[in-house]
There are 2 protein chains.
Amino acid sequence: MNKEKTMNNNQHTNCCHHDNCSGNNESCVAIVPIFNHLEKSQMEEIMGVTHSVAYKKGEVIYSAGDQADSLYIVNMGRVRIYRLSEAGKEQLLRILKPGDFTGELALFNETLHEAYASAMVDTSICTVKRLDLQDLLLKYPSISLKVMAEFSRRLERAERQTTRLATEKVDTRIALFLAECLEVGSMNNEITLPMSKKDLASYLGTTPETISRKLYELETLGYIRLISNKKIQIIDLDSLLLI
Amino acid sequence: MNKEKTMNNNQHTNCCHHDNCSGNNESCVAIVPIFNHLEKSQMEEIMGVTHSVAYKKGEVIYSAGDQADSLYIVNMGRVRIYRLSEAGKEQLLRILKPGDFTGELALFNETLHEAYASAMVDTSICTVKRLDLQDLLLKYPSISLKVMAEFSRRLERAERQTTRLATEKVDTRIALFLAECLEVGSMNNEITLPMSKKDLASYLGTTPETISRKLYELETLGYIRLISNKKIQIIDLDSLLLI
DNA sequence: TTAAATCTTTGATGTAAATCAAGTTTTGAA
DNA sequence: TTCAAAACTTGATTTACATCAAAGATTTAA
């Protein structure tokens, strides 16, 4: 069951247990939307309270049940956020890219994490301690506005996903997902799946077998073309969305 | 209640499209968690920018596609927030009680509403305009902390629900729901369903028929006892959660 | 109070998608 | 580069649940 054969449970309480420590803080603060609108001097102040930590591919960043006391901002790499069902089945919730953050839930509520976060590739992360963050938010209210904007976006997405899982058939969920991949930006309607089909299945609340079959079916219908494992060309978006 | 009788209407500019207008602002600001921790003088300032509106049972408060420009705080009554699937199927997302708020999503993001809000019973609501709210948040950063705490709680719930819909069978989802109803507080393990079974079905991503059958099944197993339409006694919580 | 509308239950039937199993392909670490 | 471990595909089978239909409840409004 336990796929993370992590060497040791490293508690990154402070900085610098890992390699790339200091200095990186700068880039981190500068790239995240919640901070990068501030004055240079303010950013420098923030750098003072951030800690940079590096995680190897597969390493766990936090687990459900952990006491949450930091905000985690992805500086480089990719982080998967997932939950486990009662039966231990994994469900992928989202994938963080540089500039995204997590850990905030418990930060404001003194609760434990309910989700897991692990590094999908070698990843560097900046952390800000609960109390430091609260100070920052009180001192620079505009940060709060950014954080709230991000929260509300996430909330919107989470509720949209909830509705899809509750009301749409698998075909439709796949079609909607493909359409969203397309939106982002793509050469001649060609998309690259941002995750493995196993993960996609988990994200969409289905199984890899079903994903495989449905994609084949969509190709048969002439709506898409399967180019390679991760590449798909959308041929008829309108029909796709009418499924 | 009844404090409105003693009040005269001032300080609200474009209030009074509906009946019960003045005076209620006070109770509204005083009861919501995002404001009620403030100083009296600060609350009074906030009252100055809130508008009280009454909705009759069934009235729509906002619809998907509407431009969102206000925060809605429930003062009295009950509000259902729901979405429509691509096929027009309704999905209940949550039910707001006095003190809860909605409309915030688009408030920080200049987007349109994606959900619908309608009054389940006669309801009175306080609204705060986008710009007024932003001023308040910048002026009183502690309000932001409250709002973020509420957001993160909602996010947690939304993601939990997503995971349940994606990974659990209907039995389990029902069992988990019943268990949550129990938590809140209940005499001798007796719970009162907070919504119709039709709504519950929608919330849990299933159908009323299935709800009906599964509840009967749970009774047969001896885990619960169906007292009346809306009342259920939980007999064996542990077994219920092991389904 | 009564009738209409809405919700709920129960039964019969259909089906989408999960599961199981066994190959094939891709990936990544040594 | 090679080889083992994952990930992916395809087929056969099972099943959980939706759908349809029609009879009881309950709620609502006149």
Side-chain angles (χ1 to χ4, degrees), chain A residues 1-5 7 56-58 80 85 87-92 118-122 164-175 192-220 224 226-232 243, chain B residues 56-59 78 80 85 87-92 118-122 164-175 192-220 224 226-232 243:
Chain A
M1 274 287 122
N2 225 338
K3 68 186 66 69
E4 10 269 352
K5 18 184 98 118
M7 27 251 76
K56 288 269 188 324
K57 172 177 176 171
R80 49 183 282 127
S85 72
K89 205 165 152 185
E90 182 180 315
Q91 209 246 332
L92 178 67
S118 74
M120 299 177 75
V121 296
D122 289 1
R164 285 185 187 172
L165 288 166
T167 60
E168 314 288 8
K169 288 186 300 173
V170 171
D171 317 60
T172 312
R173 280 180 259 154
I174 294 175
T192 302
L193 293 179
M195 60 184 97
S196 71
K197 285 174 188 165
K198 184 171 175 272
D199 276 348
L200 182 58
S202 157
Y203 180 73
L204 295 178
T206 180
T207 61
E209 293 95 323
T210 297
I211 294 274
S212 189
R213 280 186 259 264
K214 295 291 182 185
L215 284 178
Y216 174 73
E217 192 184 304
L218 292 177
E219 185 172 43
T220 304
I224 66 174
L226 302 172
I227 299 168
S228 70
N229 191 10
K230 283 227 161 48
K231 287 205 185 302
I232 297 176
I243 285 174
Chain B
K56 285 268 188 324
K57 172 177 180 174
E59 264 190 277
R78 212 131 290 201
R80 49 185 284 128
S85 73
K89 205 165 151 185
E90 182 180 314
Q91 211 248 333
L92 178 66
S118 72
M120 297 177 77
V121 296
D122 290 2
R164 287 187 185 172
L165 287 166
T167 59
E168 314 288 8
K169 288 186 300 171
V170 172
D171 318 59
T172 312
R173 280 180 259 155
I174 293 175
T192 302
L193 294 180
M195 60 185 97
S196 71
K197 286 173 187 165
K198 184 171 176 267
D199 276 348
L200 182 59
S202 157
Y203 180 73
L204 295 178
T206 181
T207 60
E209 292 95 324
T210 297
I211 293 273
S212 188
R213 280 186 259 262
K214 295 292 182 186
L215 284 179
Y216 175 73
E217 192 183 305
L218 292 177
E219 185 172 43
T220 304
I224 65 174
L226 302 172
I227 299 168
S228 70
N229 190 11
K230 284 226 160 52
K231 288 208 182 303
I232 298 176
I243 284 175

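A, B, ... follow the sequence lines: proteins, then strands. Residue 1 opens every chain. A quick note: this is a predicted structure, and the numbers were derived from the prediction, not measured.
- For C:dT9, the OP1/OP2 oxygens have a side-chain nitrogen or oxygen of B:K197 closer than 4.0 Å.
- Where B:K89 and B:K57 each meet DNA chain D at their nearest nucleotide, the meeting point lying more 5' is that of B:K89.
- Minimum atom distance to the side chain of B:E209 is reached by C:dT9, of the listed C:dT9, D:dC8, D:dT10.
- Judged by distance alone, the side chain of B:S212 and the main-chain N or O of B:P208 form no donor-acceptor pair under 3.5 Å.
- Look at B:K169 and you won't find any side-chain N or O under 4.0 angstrom from OP1 or OP2 of D:dT15.
- Between A:L218 atom CG and D:dT9 atom P the separation is 13 Å, expressed in whole Å.
- The CG atom of B:D122 sits 13 Å away from the C1' atom of D:dT28 (whole-angstrom rounding).
- For A:L193 and D:dA7, the CG to C1' distance is 13 Å, given to the nearest whole Å.
- One can place CG of A:L215 at 16 Å from C1' of C:dT25, the figure rounded to the nearest angstrom.
- Here the C1' atom of nucleotide C:dG11 and the OH atom of B:Y216 are 13 Å apart, to the nearest Å.
- For B:D122 (side chain) and B:K56 (main-chain N/O), no donor-acceptor pair under 3.5 Å exists by modelled atom type.
- We find that CD1 of B:I174 is positioned 9 Å from P of D:dC17, with the value rounded to whole Å.
- Comparing atom distances between the B:N229 side chain and each of C:dT8, D:dA7, C:dT19 picks out C:dT8 as nearest.
- Here C:dT6 presents its P atom at 20 Å from CE of B:M195, a figure rounded to the nearest Å.
- Residue B:T210 places at least one side-chain N or O closer than 4.0 Å to OP1 or OP2 of D:dA18.
- The listed nucleotides are C:dG11, D:dC17, D:dA12; the one nearest the side chain of B:R213 is C:dG11.
- Between B:T207 and D:dA18 there is a side-chain N or O to OP1 or OP2 distance below 4.0 Å.
- For B:D171, the listed nucleotide lying nearest its side chain is D:dC17; candidates were C:dA17, D:dC17, C:dT8.
- Taking each heavy atom of B:Q91 and B:Y203 in turn, the nearest pair found is NE2-O, 3.4 Å.
- When each of A:R173 and A:K230 is assigned the nucleotide of DNA chain C bearing its nearest heavy atom, the one mapping closer to the 5' terminus is A:R173.
- Taking only side-chain atoms of B:S212, from C-beta outward, the nucleotide of C:dA17, D:dT10, C:dT9 with the closest atom is C:dT9.
- Using a 4.5 Å heavy-atom cutoff, the side chains of A:L204 and A:R164 are not in contact.
- Checked against C:dA29, D:dT19, D:dC17, the side chain of B:T206 finds its nearest nucleotide in D:dC17.
- Within 6.0 Å of NZ on B:K198 lie no more than 12 heavy atoms contributed by other residues, nucleotides or ligands.
- Inspection of the B:K231 and B:T192 side chains reveals an N or O donor paired with an N or O acceptor under 3.5 Å.
- The residue B:G58 sits apart from the nucleic acid: no heavy atom pair falls under 4.0 Å.
- Taking atom CD1 on A:I211 and atom P on D:dT10, their separation rounds to 14 Å, with Å as the unit.
- OP1 or OP2 of D:dC17 lies within a sub-4.0 Å distance of a side-chain N or O belonging to B:K214.
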